[in-house]
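Here the structure is a predicted model, which means the values were calculated and not measured.
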Amino acid sequence: MGEELSPTLVVREFDLNKDRERVETVERSCEVGPSGKLSLFTDMLGDPICRVRHSPAFLMLVAEIGEEIVGMIRGCIKTVTCGKRLSRNGKYNNTNVKHVPVYTRVAYILGLRVAPNQRRMGIGLKLVHRMESWFRDNDAEYSYMATERDNLASIKLFTDKCGYSKFRNPSILVNPVFAHRARVSPRVTIISLSPSDAEFVYRRHFATTEYFPRDIDSILNNKLNLGTFLALPNGSYSAETWPGPDLFLSDPPHSWAMVSVWNTKEVFTLEVRGASRLKRTLAKTSRLVDRALPWLRLPSMPDLFRPFGFQFMYGLGGEGPEGVKMVKALCGFVHNLAMEKGCSVVATEVSSNEPLRFGIPHWKMLSCEDLWCMKRLGEDYSDGSVGDWTKSQPGMSIFVDPREV
C-alpha cells in the first residue's frame with residue numbers, strides 16, 4: 001500500500017518486478033558528476049536492494065509521480081554496541097571485573113536519491129520521514145546516515161531539516177591492486193580462522209567496540225565473507241599449532257592483528273567516468289610497465305574507467321607494540337587475495353582515532369573522510385548506563401558493517 005502525500009506524489013514500498021528499470025534510470029541520472037569532472041557510477045547488477053539485502057531487516061521505498069519514479073531510499077535495522085558497562089562475576093567478588101557491551105537497535109539510511117529535475121520539492125524529506133516511521137515501528141532507538149564531508153546538500157537536509165547531529169568522522173582508505181604481488185613480511189605468520197573461531201575472538205575481544213554487530217556470526221558465515229585472517233610473529237603459532245581461540249586469548253603473543261574480508265565485487269561494481277584521454281593513457285601505461293617488470297614493484301593505477309570490483313576489509317583490530325606491523329602484513333595478504341580475485345582496489349573504513357590505521361597502505365587521491373550523522377528516535381533508553389548515545393564521545397575504534405558498504 002502507498003501513502004499519498006500530495007495530489008501527485010506517492011511514497012510506497014519498492015517492487016522489484018515493477019520498479020527495477022525505472023529505479024536504475026534515476027540512479028544513472030544521479031551518478032553523473034559536474035561537467036568536466038570525474039564521477040563515480042555504481043552498477044548494482046540488477047538488484048537495487050543489494051546494499052541492504054544481507055541486513056537483518058531492510059526496506060526500500062520509492063517516490064512516484066504518476067508513472068515516473070522520482071526518488072528512492074533504502075534503510076536497514078540491526079542491533080549493535082553503543083557503549084559498555086562494568087560487570088562483576090560473583091556477588092561478593094570485586095576482583096573479576098570486566099567491561100561488557102551495551103546493545104541498542106540502530107537503523108541506517110543509505111541510497112537516498114532524488115531525480116535532478118525533481119529536487120528542492122521536499123521529496124527527499126518525505127522519503128526520510130517515511131523511512132523513520134518504519135524504523136520506529138520496528139523498535140529502532142537511533143537512526144544514522146553516512147555521506148562525504150563535502151556533500152553539503154545531504155548534510156544540510158539531515159542536520160537542518162531532519163534533526164540529525166554530526167556524530168563520527170571515520171576515514172575511508174582505498175588502495176589500488178597492482179599488477180605485482182605485494183610483499184608480506186617473512187617475519188609474520190598469517191593464519192586463516194574458521195567462522196566459529198573468528199566469532200569467538202570478535203565477541204571476546206571486540207564486542208565493546210562501537211557499532212559492533214550482535215549478529216557477527218551471520219556476517220562471518222555469509223557467502224560474501226572471504227575469511228578472517230590472523231597475523232602473528234613467526235615462532236608463536238602456525239596453522240598446525242593453532243590452539244583454538246580460547247587458549248590463544250589466554251596466552252597471546254606480544255603482538256597480533258586480525259581482519260575479515262568481504263567480497264563486494266559480487267554485490268555491485270563501480271566505474272569512474274569523465275576521465276580525460278590523457279589520464280586513461282597514463283593509467284594504462286603504468287599498468288603495462290608494472291606487468292612487464294613486476295620485480296620492480298612499481299605502483300600502478302588500476303583500470304577504474306570500466307566496471308571494477310573491490311574487496312572490503314572490516315573487523316580490523318589487534319594489540320601489542322608491533323600491531324601496526326601485523327596490520328601492514330595483513331593488508332599485503334589481502335592485496336594479493338584481491339589480485340587473485342580480479343579486484344581493482346582494496347578498501348576499508350576506520351575511526352579517525354584508530355591507532356592501527358598507520359599500518360594500512362592507501363592512496364590519498366582515492367581515499368576520503370566520511371561523516372556519520374545520528375538521531376535518537378525513541379524517548380527511552382535501552383540501558384541507562386549509556387544515556388543518549390548521540391552525545392557520547394568517540395572511542396579509539398569503530399566497527400563498520402560490510403553489509404552496508
For [Y], is there an ion pair with [X] - N to carboxylate O distance below 4.0 angstrom?
{"X": "D43", "Y": "R28", "result": "no"}
{"X": "D388", "Y": "R376", "result": "yes"}
{"X": "R203", "Y": "D217", "result": "yes"}
{"X": "E404", "Y": "K78", "result": "yes"}
{"X": "D47", "Y": "R53", "result": "yes"}
{"X": "D19", "Y": "R12", "result": "yes"}
{"X": "D370", "Y": "R168", "result": "no"}
{"X": "E27", "Y": "R20", "result": "no"}

Could you measure the distance from the [atom1] atom of [X] to the [atom2] atom of [Y]? Nearest 0.5 Å is fine.
{"X": "K364", "Y": "S367", "atom1": "NZ", "atom2": "OG", "answer": "10.0 Å"}
{"X": "D137", "Y": "I77", "atom1": "CG", "atom2": "CD1", "answer": "9.0 Å"}
{"X": "E210", "Y": "F167", "atom1": "CD", "atom2": "CZ", "answer": "4.5 Å"}
{"X": "L173", "Y": "L366", "atom1": "CG", "atom2": "CG", "answer": "11.0 Å"}
{"X": "M258", "Y": "L230", "atom1": "CE", "atom2": "CG", "answer": "6.5 Å"}
{"X": "I190", "Y": "L330", "atom1": "CD1", "atom2": "CG", "answer": "5.0 Å"}

Could you check N222 against W262 for side chain to side chain donor-acceptor pair (under 3.5 Å), going step by step and ending with a plain yes or no?
CA-CA 9 Å; N222 191 291; W262 192 259; over 6 Å; no
Minimum heavy-atom separation for [X] to [Y], with atom names?
{"X": "G317", "Y": "L356", "value": "C-CD1, 3.6 Å"}
{"X": "S143", "Y": "F135", "value": "OG-CE1, 3.5 Å"}
{"X": "S351", "Y": "I398", "value": "N-CG2, 3.5 Å"}
{"X": "M131", "Y": "L61", "value": "N-CD1, 3.8 Å"}
{"X": "H335", "Y": "V177", "value": "NE2-CA, 3.6 Å"}
{"X": "A63", "Y": "I123", "value": "CB-CG2, 3.8 Å"}

Main chain of [Y], side chain of [X]: is a donor-acceptor contact present, judged purely on distance under 3.5 Å?
{"X": "N336", "Y": "A182", "answer": "yes"}
{"X": "R357", "Y": "V350", "answer": "no"}
{"X": "R105", "Y": "N138", "answer": "yes"}
{"X": "T81", "Y": "V102", "answer": "no"}
{"X": "S236", "Y": "L232", "answer": "no"}
{"X": "R214", "Y": "A207", "answer": "no"}

Who are the ring pair (Phe, Tyr, Trp, His ring centres under 6.0 Å) partners of H254, not counting sequence neighbours?
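H254 satisfies ring pair (Phe, Tyr, Trp, His ring centres under 6.0 Å) with no residue once adjacent residues are dropped.
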My understanding is that only residues two or more places apart in sequence, or in another chain, count here; which of them pass ring pair (Phe, Tyr, Trp, His ring centres under 6.0 Å) with F308?
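Here no residue qualifies.
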Side chain to side chain contact (heavy atoms under 4.5 Å, CB included) partners for E21, two or more places apart:
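E21: no side chain to side chain contact (heavy atoms under 4.5 Å, CB included) contacts found.
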Measure from the ring center of [X] to the ring center of [Y] and say whether it is less than 6.0 Å.
{"X": "H129", "Y": "W134", "result": "no"}
{"X": "F333", "Y": "F229", "result": "yes"}
{"X": "Y144", "Y": "W372", "result": "yes"}

For [X], give me all partners under side chain to side chain donor-acceptor pair (under 3.5 Å), at least two apart in sequence or on another chain.
{"X": "T228", "value": "S260"}
{"X": "S196", "value": "S194"}
{"X": "E354", "value": "S397"}

Greater than 12 external heavy atoms within 6.0 Å of R119's CZ
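Enclosed: over 12 neighbouring heavy atoms sit under 6.0 Å from CZ of R119.
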CZ of R136: more than 12 outside heavy atoms within 6.0 angstrom?
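Result for CZ/R136: enclosed.
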E340 and R181: salt bridge (Lys or Arg N to Asp or Glu O under 4.0 Å), yes or no, with the steps?
CA-CA 9 Å; E340 294 168 4; R181 293 179 65 83; 3.3 Å; yes
Please walk me through it: do I191 and L193 pass side chain to side chain contact (heavy atoms under 4.5 Å, CB included)?
CA-CA 6 Å; I191 300 174; L193 299 183; 4.3 Å; yes
Which is it for R187 and K325 under the side chain to side chain contact (heavy atoms under 4.5 Å, CB included) test, yes or no, and what are the steps along the way?
CA-CA 10 Å; R187 297 182 179 181; K325 175 183 175 181; 4.1 Å; yes
Can you tell if the side chain of [X] reaches within under 4.5 Å of the side chain of [Y], non-hydrogen atoms only?
{"X": "D215", "Y": "R403", "result": "yes"}
{"X": "V188", "Y": "P233", "result": "no"}
{"X": "F178", "Y": "P302", "result": "no"}
{"X": "T348", "Y": "V346", "result": "no"}
{"X": "S344", "Y": "D303", "result": "no"}
{"X": "Q311", "Y": "K265", "result": "no"}
{"X": "K375", "Y": "M145", "result": "no"}
{"X": "T159", "Y": "S165", "result": "no"}

Tell me which one of P213, S55, C76 satisfies side-chain contact (heavy atoms from CB on, under 4.5 Å) with D401.
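Of P213, S55, C76, side-chain contact (heavy atoms from CB on, under 4.5 Å) with D401 is met by P213 alone.
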How are the rings of W242 and Y237 set relative to one another: parallel (under 30°), tilted (30 to 60°) or perpendicular (over 60°)?
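Judged by the thresholds at 30° and 60°, the geometry between W242 and Y237 is perpendicular.
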Can [X] and [Y] be counted as having a side-chain donor-acceptor contact under 3.5 angstrom?
{"X": "T209", "Y": "Y202", "result": "no"}
{"X": "Y314", "Y": "N225", "result": "yes"}
{"X": "T189", "Y": "N234", "result": "yes"}

Taking Y211 as the fixed residue, which of Y108, Y142, W389 is the one that meets the ring pair (Phe, Tyr, Trp, His ring centres under 6.0 Å) rule?
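Answer after filtering Y108, Y142, W389: W389.
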